[in-house]
Amino acid sequence: MLFSPAHPMHIPDGFLSVPVSVIAWIISVVVIGIALKKSSGELKERDLPLIGVLAAAIFAGQMLNFSVTGGTSGHLLGAAIATILLGPWPAVLVMTSVVSVQALIFQDGGVLALGANLFNMAVIGVFVAHAVYTLITGFLKKQSWGVFVAGFVAAWSSILIASLACALQLALSGTSPANISVPAMGAIHALIGVGEGLITVGALAFIFATRKDLLKLGDAKPANNKGVLIVGSLIALVLAVLSPLASSHPDGLEWVAEEHGFIEAAKDAFYNIIPDYTMPGISNPALATIIAGIIGSVIVFGVAYGIGRAEKRAKNKGSAQS
Amino acid sequence: MKEFYTPGKSPVHEIDARVKLTFTLAFIIFLSLTPSGAWPAYILFLTLALSIALLSRVSIGLIQKRALLALPFALATLPLIFTGPPPRVDLPFFQTLGIAYSPEGLVRFVSITLKSWISLQAALLLSATTHISDLLTTFQQLRIPKLFVAIIGLMWRYLFLISDEVTRMLRARSSRSAIVPGSRGGGNVFWRAKVTGGMAGSIFLRSIERSDRVYSAMLSRGYTGVLPASESQPIAKNDRGYLILGLFLLMLLWALGLLTGG
């Protein structure tokens with residue numbers, strides 16, 4: 001296993017509440033849908049192998065690391081470099097493939113939490129990187145080193161903003177108090193982001209020296225990506241402002257959520273399926289608990305017993321044959 | 001890099017991948033919906049996962065080892081013990097320190113960690129018994145856009161090739177980075193970052209060039225920008241029965257969780 005320790009941005013299952021996971025899934029699916037449409041429509045058929053192979057390269061590239069001091073090391077997540085090389089929409093697809101395979105095959109990040117992880121790394125990471133990169137290269141058009149400054153800041157801010165989004169999702173789920181998770185995640189990722197930025201600049205310098213033409217791939221059609229630019233800037237601004245606000249309040253976001261009652265509303269909708277915590281048709285809650293408990297236990301232990309028996313028989317058969 | 005798929009011929013391996021994917025998702029969703037502190041329900045969820053693991057003949061020890069990987073994330077919820085909802089109680093045995101903790105916060109912390117651990121086992125079981133090619137077919141059958149499935153398929157095909165390349169590069173770097181005892185080896189952090197960045201850059205460059213060759217190969221085999229559709233077979237009657245039974249059981253466990261949890 002070369003991927004241990006797990007990257008602190010891949011949220012496992014169990015840490016996000018179902019409403020937060022569902023909302024993140026919906027947003028991610030919509031954005032990825034748009035990315036797919038853009039890719040199959042206006043991009044050339046040649047892009048399918050490019051996106052697929054580059055996704056593999058980003059995935060494998062995440063193994064690259066360098067020691068900073070002591071036991072800590074710098075890693076590459078790759079949202080920024082993918083955005084710079086391919087442009088935002090294909091980069092969304094690249095990061096979506098990487099994060100999905102990590103969750104479904106390597107269990108780096110949860111399955112239900114995949115929506116949130118996609119939102120943080122494939123949507124926010126890419127959009128923010130694109131906005132920052134475009135804005136800074138616009139300012140520093142004349143300087144040849146503008147690309148590198150823009151690359152560093154884009155990589156750093158994509159990591160930082162994505163981690164803030166992650167912290168806010170945890171806080172909204174009531175898993176981690178905002179006044180601790182936001183500063184902690186922010187501080188850790190402000191450092192991790194420096195590693196990401198340095199590797200990104202190194203990679204850009206290498207590509208700049210060998211295949212300068214590739215660095216123009218991303219802004220081939222800047223007009224089409226204006227939406228990404230605006231949304232990316234907005235996300236960066238809102239999260240940069242919202243996070244300190246959320247963490248400065250003693251109870252952070254949970255307070256906001258409770259104040260507006262939307263978490264309760266969401267919970268009620270889910271729990272109303274069994275009205276008043278009783279089984280339909282049985283009015284006594286204690287009795288209902290006992291009955292549900294007995295039925296559940298009997299079935300589960302029936303399954304376990306059956307499997308145990310089958311297993312034993314298979315073993316006996318195996319030993320008899322040998 | 002190693003995938004977790006363990007080939008085998010157990011009943012779990014043979015179930016339709018669509019059924020396994022749906023059941024795993026439902027398992028994780030129902031477990032997430034179970035309120036904190038519903039200990040009996042957690043035990044039953046865990047028993048269910050372990051029974052299926054036993055049936056699939058995947059080493060339970062291996063699953064447990066992999067399941068520990070997500071544990072560091074529990075750090076994120078650790079503060080709940082102290083910042084959880086009031087009432088706050090002084091820590092037993094350490095009363096002189098005057099540290100107050102929230103019992104409800106503690107229950108929530110333990111519940112979240114347990115749920116995460118059990119969910120991870122369910123996800124591990126899915127990938128241990130389902131080959132990626134079956135999973136890709138499943139994606140297509142579940143109407144996930146063909147283009148996306150094709151991207152993941154291509155990515156999977158080249159992932160191990162490229163990760164071998166990365167491993168060779170890392171080995172080359174470390175074999176050139178011997179440090180003489182007593183003296184500092186290599187340059188400073190920026191120098192090291194530049195070297196790593198150069199490695200990343202060359203990997204990306206090689207991959208972009210490789211994708212050109214892949215594209216030519218695809219063209220020469222008749223690729224026209226449209227991928228052939230995979231045929232869809234209906235789920236076998238038995239498998240459908242398993243799925244319905246499984247979903248019913250999960251709902252029951254969830255109901256039990258609602259009744260016993262806080």
Side-chain angles (χ1 to χ4, degrees), chain A residues 2 4-6 12-15 18 36 40 45-46 48-57 59-61 63-64 66 68 74 76 93 97 101 105 107 110-112 170 175-177 180-181 198-199 201-203 206-207 210-211 270 274 277 288-289 292-293 295-296 299-300 303-304 307 311, chain B residues 1 3 28-29 32-33 40 44 47-48 51 54-55 69-70 72-73 76-77 79 83 112 115-116 119-120 123-124 127 145 147-148 150-152 154-155 158-159 162-163 166 189 192-194 196-205 207 210-211 214-215 225 249 252-253 255-256 258-260:
Chain A
L2 283 152
S4 58
D13 279 321
F15 286 86
V18 174
L36 278 172
S40 58
E45 59 189 47
R46 203 229 150 284
L48 172 64
L50 179 63
I51 292 174
V53 177
L54 209 61
F59 196 143
M63 295 195 295
L64 291 170
F66 66 97
V68 180
L76 185 72
L93 294 180
S97 321
V101 169
I105 315 289
Q107 279 73 43
V111 178
L112 180 60
L170 289 174
T175 339
S176 190
I180 292 173
S181 68
L198 289 175
I199 300 183
V201 171
F206 184 89
I207 296 167
T210 46
R211 288 279 305 271
F270 278 108
I274 294 189
Y277 291 95
T289 311
I295 300 176
I299 297 184
V300 170
V303 169
I307 290 171
E311 198 60 7
Chain B
M1 187 156 48
E3 54 181 322
I28 292 169
I29 291 174
S32 294
L33 281 171
L44 293 180
T47 315
L48 190 60
S51 313
L54 202 64
L55 189 63
L69 276 181
F73 212 89
T77 60
T83 62
I112 289 168
K115 276 189 201 175
S116 164
S119 307
L120 195 57
L124 277 168
S127 52
L147 186 65
F148 184 62
I151 290 174
I152 293 198
L154 266 168
M155 171 192 173
Y158 293 97
L159 180 57
I162 298 177
S163 81
V166 172
V189 176
R192 288 201 290 270
K194 207 187 133 214
T196 314
M199 290 159 78
S202 77
I203 284 288
F204 294 145
L205 216 58
S207 307
R210 185 190 297 275
S211 80
V214 171
Y215 177 59
L249 179 58
L252 199 74
L253 294 188
L256 176 69
L258 283 187
L259 294 166
T260 54

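Every chain is numbered from 1 and lettered A, B, ... according to where its sequence line falls, protein lines coming before strand lines.
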Hey, is the main chain of B:L120 close enough, under 3.5 Å, to the side chain of A:Q107 for a donor-acceptor pair?
->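 Such a contact is absent between A:Q107 side chain and B:L120 backbone.
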Most heavy-atom pairs under 4.5 Å with chain B, out of A:A55, A:A203, A:G61, belong to A:A203
Stepwise, does the side-chain contact (heavy atoms from CB on, under 4.5 Å) test hold for B:S119 with A:L112?
-> CA-CA 9 Å; B:S119 307; A:L112 180 60; over 6 Å; no
Heavy atoms only, distances under 4.5 angstrom: which of B:L253, B:L124, B:L54 has the most pairs with chain A? Name it, please.
->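 Sorted descending by pairs with chain A, the first entry is B:L124.
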Among the listed options B:G198, B:A200, B:P145, B:P40, the residue most often paired with chain A at heavy-atom distances under 4.5 Å |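 Most pairs with chain A among the choices: B:G198.
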Kindly write out the residues that satisfy side-chain contact (heavy atoms from CB on, under 4.5 Å) with B:K194, not counting sequence neighbours, or none if the list is empty.
-> none
For B:Y215, check side-chain contact (heavy atoms from CB on, under 4.5 Å) against everything at least two apart and list the hits.
-> A:E45, A:R46, A:P49, B:L219, B:Y223
Sort [X] into side chain, backbone, both or neither according to what part of it lies under 4.5 angstrom from a heavy atom of chain A.
X: B:L55; value: both
X: B:L249; value: side chain
X: B:I29; value: both

In Å, rounded to the nearest 0.5 Å, how long is the span from CD1 of B:I112 to OG1 of A:T175?
->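 Output value for this atom pair is 5.0 Å.
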B:G201 to A:F206 - nearest heavy-atom pair and separation |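 Closest approach of B:G201 to A:F206: C-CD2, 3.6 Å.
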Given a strict heavy-atom distance threshold of 4.5 Å, which part of A:I105 is in contact with chain B: side chain, backbone, both, or neither?
->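 Both parts, heavy atoms under 4.5 Å.
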